[in-house]
Amino acid sequence: MTSFAGSARPARSSDTLTRDALAVLQPGFTGTTAPDWLLRRLGEGLASVGLFGRNVADPAQLAALTDRLRAEREDLLVAIDEEGGDVTRLEVRGGSSFPGNHALGAVDDTALTREVARELGRRLADCGVNLNWAPSADVNSNPANPVIGVRSFGADPHLVARHTAAYVEGLQSTGVAACTKHFPGHGDTAVDSHHDLPRIAADLATLRGRELVPFHAAIAAGTRAVMSAHILLPALDADRPATLSRAVLHGLLRAPVAEGGLGFDGLIVTDGMEMRAVSATYGLERGSVLALAAGADALCVGGGLADEDTVLRLRDAVVRAVRDGELPESRLADAAARVRALACWTRSASAGQGAAPAPGIGLTAARRALRLTADGPYEPLTAPAYVAAFTPLANIAVGDDTPWGVAAELTRLLPGTETTTCTAESAAAAGPAALIGGLLTAAGDRRVVAVVRDVHRHPWMADALRILLDARPDTAVVEMGVPQAPPRGAPHLATHGAARVCGRAAAEILTGLRGPSSGE
């Protein structure tokens with residue numbers, strides 16, 4: 001670790017140092033009620049908690065949980081990863097009522113993006129959440145990206161920038177702080193940082209003209225927080241990933257605009273510190289200390305490690321680093337002060353809020369994002385269909401618990417519709433031809449609907465789909481990931497995301513039916 005001269009002897013009390021060390025943590029926990037250890041640590045200085053799908057049953061339960069947490073500490077940051085679209089925690093078991101960024105980018109109406117973000121923020125505020133780890137400002141310039149994809153507004157930096165700004169404005173109008181991510185941009189990667197350390201080889205001019213453009217816009221729009229990415233960018237720092245790089249966090253994000261920086265003065269939050277891009281190389285404790293030294297203010301941990309021992313390990317590692325001169329005491333004090341300041345902002349910003357709900361805005365946005373391509377007039381489904389869901393391995397950020405597809409909505413509109421699931425494993429076991437042969441036998445004379453997700457990234461899926469379309473050219477293809485060139489001949493429907501409302505909107509188009517709005 002780097003040693004900082006003159007910081008080995010803290011001037012403040014041991015209790016103050018410990019409280020500051022707790023204040024910079026954003027830990028998670030298990031269960032839908034607050035554990036006793038978490039309540040105790042809130043009394044000792046913990047100033048933030050992070051919520052995940054495992055903590056949410058329904059809005060009433062979540063509101064009761066956040067009320068209980070604030071009974072221990074009123075000025076508390078309660079954070080959640082609620083992007084809408086594919087990544088939802090509020091509706092993890094049913095699918096989101098809002099389309100994600102890629103759908104909003106496809107519509108390209110910033111007023112709509114602002115309204116969707118405002119309604120999402122209103123629901124978060126009603127549940128007691130005041131910090132959202134969103135929006136994703138990543139420019140999805142690499143089609144092979146395994147972790148961003150539909151979480152991005154698109155591949156055009158300026159489109160991403162204007163929608164990032166609109167999202168920040170809409171969300172923060174409800175008193176919920178935005179945490180724009182993943183700085184300095186995770187879009188040009190082919191590796192998921194949950195598993196390994198991605199590397200972006202672009203030069204500085206490219207980074208400034210592409211990755212940094214949306215972050216400039218987010219800061220101009222007033223984003224209260226920015227989340228760092230666990231990615232290596234040699235043009236900025238050849239040795240350390242952005243989360244641990246002083247050159248990236250202090251020398252670029254914090255530096256004044258006049259000096260070539262972005263001039264950000266809000267809260268810098270790390271991506272999950274247990275992700276292997278950091279933990280496998282530096283270790284959890286050392287990586288956390290390095291992140292604080294680099295300029296991070298809040299350490300996000302809890303997606304995988306969600307227990308009291310993790311909190312105590314990190315608290316003690318930070319205290320020890322200050323006492324040993326490895327972390328300036330002033331840096332820790334500044335980080336803790338920024339956490340507390342954001343909590344105070346959310347309290348003042350939420351005073352007098354309570355904007356009117358906008359029921360149906362998510363479904364409206366999902367409908368507008370649909371793109372139907374067909375060689376001739378599309379013939380809607382009028383009888384029960386057979387849905388083939390080509391299901392790739394789940395993105396860790398999305399998780400395994402959130403359902404996706406169109407089968408449930410098609411069944412609602414066309415009772416008797418059946419579905420089957422095709423995976424890489426089933427394709428490898430049977431072979432693509434046999435897999436599709438069995439599928440067609442089961443389908444009989446019913447019309448087939450093939451539901452895919454990022455078919456361009458999965459050769460097994462592309463092979464199976466080609467065989468299916470050769471045999472049944474009338475198959476309707478629904479792409480719920482990032483759409484590429486549609487297959488010739490077959491009707492192709494791009495939803496630009498796999499949220500529940502995207503599935504509902506797709507089913508309406510497939511059947512030519514539209515039911516009454518249910519207050520999505």
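Since the model is a prediction, treat every value here as computed from it, not as a measurement.
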Side chain to side chain contact (heavy atoms under 4.5 Å, CB included) evaluation trace for Leu253 with Ile219: CA-CA 10 Å; Leu253 183 54; Ile219 292 167; 4.1 Å; yes

Derivation and outcome, salt bridge (Lys or Arg N to Asp or Glu O under 4.0 Å), residues Arg368 and Asp109: CA-CA 10 Å; Arg368 290 181 62 186; Asp109 178 347; 3.2 Å; yes

Audit row: Met480, Val150, side chain to side chain contact (heavy atoms under 4.5 Å, CB included) steps and yes/no: CA-CA 9 Å; Met480 303 195 80; Val150 294; over 6 Å; no

Derivation and outcome, side chain to side chain contact (heavy atoms under 4.5 Å, CB included), residues His492 and Arg371: CA-CA 8 Å; His492 182 272; Arg371 299 292 182 269; over 6 Å; no

Audit row: Arg472, Leu440, side chain to side chain contact (heavy atoms under 4.5 Å, CB included) steps and yes/no: CA-CA 9 Å; Arg472 295 282 292 270; Leu440 293 175; 3.5 Å; yes

Test side chain to side chain donor-acceptor pair (under 3.5 Å) applied to Trp133 and Gln26, step by step: CA-CA 12 Å; Trp133 293 319; Gln26 280 190 358; 3.3 Å; yes

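Looking at Arg118, its side chain never comes within 3.5 Å of a backbone N or O of Tyr167 through a donor-acceptor pair. Put simply, the side chain of Thr66 gets close to the backbone of Cys127: a donor and an acceptor are under 3.5 Å apart. For Thr441 (side chain) and Gly437 (main-chain N/O), a donor-acceptor pair under 3.5 Å exists by modelled atom type. In this structure, Thr411 contributes its side chain and Ala407 its backbone to a donor-acceptor pair below 3.5 Å. At least one donor-acceptor pair under 3.5 Å links the side chain of Thr364 to the backbone N or O of Gly360. Proximity of a side-chain donor or acceptor of Glu115 to a complementary backbone N or O of Ala111 within less than 3.5 Å is not detected. With Asn101 contributing its side chain and Arg151 its backbone, the two residues share a donor-acceptor pair below 3.5 Å. Between the side chain of Glu169 and the main chain of Arg114, no donor-acceptor pair closer than 3.5 Å is present. No donor-acceptor pair under 3.5 Å is formed between the side chain of Glu211 and the backbone N or O of Gly187. His456 places a side-chain N or O within 3.5 Å of a backbone atom of Pro143 that can act as its donor or acceptor partner.
A salt bridge links Glu83 to Lys181: at least one charged side-chain nitrogen sits closer than 4.0 Å to a carboxylate oxygen. Checked for salt-bridge contact, Glu479 and Arg453 miss the test: no charged N lies under 4.0 Å from a carboxylate O. Ion pairing between a basic and an acidic side chain is recognised when a charged N comes within 4.0 Å of a carboxylate O; Glu409 and Arg500 show no such pairing. Taking a cutoff of 4.0 Å between a charged side-chain nitrogen and a carboxylate oxygen, Arg89 and Glu82 do not qualify as a salt bridge. A salt bridge links Arg210 with Asp188: the closest approach of a Lys/Arg side-chain nitrogen to an acidic carboxylate oxygen falls below 4.0 angstrom.
The minimum heavy-atom distance linking Leu233 with Pro184 is given by the pair CD1-CG, 3.6 Å. Of all non-hydrogen atoms in Phe29 and Thr33, the two that sit nearest each other are CE1-O, 3.8 Å. In terms of heavy atoms, Pro491 sits closest to Pro473 at CD-O, 4.3 Å. The nearest pair of heavy atoms linking Ala365 to Leu104 is CB-CD2, 4.1 Å. Counting all heavy atoms, side chain and backbone alike, Gly302 lies closest to Glu274 at N-OE2, 2.9 Å.
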Side-chain donor-acceptor contacts of residues 373-392 below 3.5 Å, not counting sequence neighbours, with atom names and distances?
residue : atom : partner : partner atom : Å
Asp375  : OD2  : Gly489  : N            : 3.1
Tyr378  : OH   : Leu510  : O            : 2.8
Thr391  : OG1  : Ala389  : O            : 3.4

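In this model, a donor atom of one side chain and an acceptor atom of the other lie less than 3.5 Å apart for Asp138 and His182. With hydrogens and angles left out, the side-chain atoms of Thr270 and Ser228 include no donor and acceptor closer than 3.5 Å. Between the side chains of Glu425 and Trp460, no donor-acceptor pair is found at a separation under 3.5 Å. Of the N and O atoms on the side chains of His186 and Asp271, not one donor lies less than 3.5 Å from an acceptor on the other residue.
Considering Thr113, Asp108, Thr110 in turn, Asp108 is the only one that fulfils the side-chain hydrogen bond (donor to acceptor under 3.5 Å, both in side chains) rule with Arg162. Screening Leu69, Leu77, Asn55 against Val49 for a side chain to side chain contact (heavy atoms under 4.5 Å, CB included) leaves a single residue, Leu69.
In this structure, CG on Leu207 lies 7.0 Å from CG on Asp203, to the nearest 0.5 angstrom. Summarising the geometry, atom OG1 belonging to Thr419 is positioned 9.0 Å from atom CG belonging to Leu410; distances are rounded to the nearest 0.5 Å. How far CG of Asn130 is from OG1 of Thr174: 10.0 Å, rounded to the nearest 0.5 Å. Note that OG1 of Thr495 is 9.5 Å distant from NE2 of His102, once rounded to the nearest 0.5 Å.
At least one side-chain heavy atom of Val213 sits less than 4.5 Å from a side-chain heavy atom of His158.
Remark: Trp404 pairs with no residue by the ring-ring contact (aromatic ring centres under 6.0 Å, His included) rule, at least two apart or across chains. Looking at residues two or more places apart in sequence or on another chain, you find a side chain to side chain contact (heavy atoms under 4.5 Å, CB included) between Ser152 and Asn140, Ile148, Val160.
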